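To start, the structure itself, in structure tokens.
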Amino acid sequence: MLSESSRTIFKSDNRILAAMVSKDRINKIVAGYDKDNLVVATACSHTSLQVFAGAKREGFKTLGIVVGQKTKFYDAFPLGKPDEFMYLDSYTELLGRADELIDNNAVVVPHGSFVEYMTPKNFVELEVPTFGNRHVLDWESDRDKSRQWLVSAGIEMPYKIDDPKLIDRPVLVKYDGAKGGRGFFIAKDYPDFKLGIDHSQKFSIQEYVLGTRYYIHYFYSPLRTDGYKLSKGSLEMLSIDRRDESNIDEIYKLGATEELKKLGHYPTFVVTGNVPVVVRESLLPKLLDMGEKVVEKSLELFGGMIGPFCLECIVTDSLQVKVFEISSRIVAGTNPFISGSPYSDLISPGLSTGRRIAQELKLARDWDKLGEVLT
Ligand code: AMP
């Protein structure tokens, strides 16, 4: 998932697709790579421990991109420590240092923080082979386009309300630029909305879906033809988490929310951690079907979303599953599963999403199909 600020940056500049590094250029770079010495590179935050640990287990060298982060914490987790670090003053500097990455045979693995800090606009311009299809950013970063993608795929989403005067049910008001749900608030009618709204910020209004939040971590391989087959490639469901969000998860302890609101205490949705989840088994066909539909539609719309993605869902008490967001890269909710999950263990024991990325890279290299997973 990208923050709204990234969405805004991306949306405000529709020349971005034109600026995207061409597939030809990436293919040429890959053709010049020493394929036996590929280096997995990512930014030192978010899911980096998992990505590096997974890459190392699959026999790759690793490179950590550092922009102001402290790196000593990696010493505490040697199996997740990159072999080398590349120090930068800013993420923008990476654009000018692409050659160094290329000289190292580097493949960049994007994660949420990496794309957000670099900005999607700069990220698509980076002239370094990147795992996954960068075209997905165009569809994911624009709220209207991602809704169009998901709804046309047959996915149920929370109802969207354009005019605050028409609020006729509990809604969640989401601000543009709000990172990690900061400032989001719940309103049940127009007076409630007026009480909470900060008109200096751009906002959108979505039906508040009452239910349990599950974040489903999938992996789409355009290469594999076994397992849960799609029209091209196959789909895996590797794990599920739920986020711990402060303060909404705990605010009930202070008393009735309505009373607290009068005192100026609003629930907030800031993610502070992730908890592993296993869903009732009867939901699995539905969750796989949803993943399948989203991938099939992505193949039709922009050539396919490659590798890890996450559908952020709410399951209601009538077992409807509504998706409020899609994230088309590795999400931090996969971090509890560095040694596997109750789902990925049924595919291959000890399989994390980070390791699965490295396996796909290895498969693509061995089958001479790197062009199919790198853009
Ligand atoms: P988002 O930034 O869209 O991922 O939303 C942040 C948090 O707000 C989520 O993790 C959920 O807890 C909550 N949320 C988002 N959309 C909805 C919705 N339509 N109904 C209920 N809760 C939601």
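Residue numbers count from 1 along this sequence. Counting starts at 1 for both ligands and their atoms, following the listed order. Everything numeric in this text was worked out from a predicted model, so none of it was measured.
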### Query
Applying a strict 4.0 Å limit to heavy atoms, is K174 in contact with ligand 1?
yes
### Message
Is the ring pair Y215/F324 parallel, tilted or perpendicular, if the boundaries are 30 and 60 degrees?
### Response
perpendicular
### Query
Where does Y175 meet ligand 1, judged by heavy-atom distances below 4.0 Å: at the side chain, the backbone, both, or neither?
neither
### Summary
Judged by heavy atoms only, the candidate from V323, D244, V271, I314 nearest atom 21 (C) of ligand 1 is I314
### Task
Indicate the ring-plane relationship of F302 and W139, choosing parallel, tilted or perpendicular according to the 30° and 60° boundaries.
parallel
### Message
If you measure every N or O of V209 against every N or O of ligand 1, does any of those distances drop under 3.5 Å?
### Response
yes
### Message
Looking at H135, is its backbone amide N or carbonyl O close enough to the side chain of N133 to form a donor-acceptor pair, meaning the two atoms are under 3.5 Å apart?
### Response
yes
### Task
For F184, take its heavy atoms, then give the atoms of ligand 1 lying under 4.0 Å from any of them.
2 (O), 5 (O), 6 (C)
### Task
May I ask you to list the atoms of ligand 1 that are less than 4.0 angstrom from any heavy atom of Q206?
16 (N), 17 (C), 18 (C), 19 (N)
### Message
I want to confirm something. Looking only at heavy atoms, which of E207, E325, E312, E245 is nearest to atom 18 (C) of ligand 1?
### Response
E207
List the atom pairs, with distances to 0.1 Å, where a side-chain N or O of residues 187-196 and a protein N or O form a donor-acceptor pair under 3.5 Å, not counting sequence neighbours.
{"residue": "D189", "atom": "OD1", "partner": "D192", "partner atom": "N", "Å": "2.9"}
{"residue": "D192", "atom": "OD2", "partner": "K188", "partner atom": "N", "Å": "2.9"}
{"residue": "D192", "atom": "OD2", "partner": "K261", "partner atom": "NZ", "Å": "3.4"}

### Summary
Tracing side-chain contacts under 4.5 Å among Ile, Leu, Val, Met, Phe, Trp and Tyr outward from F85 reaches L49, F52, V66, F73, Y74, F77, Y87
### Message
At less than 4.0 angstrom from any non-hydrogen atom of L172, what atoms of ligand 1 do you find?
### Response
8 (O), 13 (C), 14 (N), 15 (C), 16 (N), 17 (C), 23 (C)
### Query
Which atoms from ligand 1 have a heavy atom of R243 less than 4.0 Å away?
4 (O), 10 (O)
### Message
Just by distance, no angles: are the side chains of S221 and E236 close enough, under 3.5 Å, to form a donor-acceptor pair?
### Response
no
### Summary
Under 4.0 Å from one or more heavy atoms of R213, ligand 1 contributes atoms 11 (C), 12 (O)
### Task
Below 4.0 angstrom from a heavy atom of P158, which ligand 1 atoms are there? Numbered from 1 as shown, please.
19 (N)
### Pick from Y208, F324, F269: the one approaching atom 22 (N) of ligand 1 most closely through a non-hydrogen atom
Y208
### Task
For the pair E58 and R365, evaluate salt bridge (charged side-chain N to carboxylate O under 4.0 Å, His left out) and give the outcome as yes or no after the intermediate values.
CA-CA 12 Å; E58 293 299 323; R365 179 197 63 195; over 6 Å; no
### Message
Assess whether a salt bridge exists between R243 and D241, defined as any Lys/Arg side-chain N lying under 4.0 Å from an Asp/Glu carboxylate O.
### Response
no
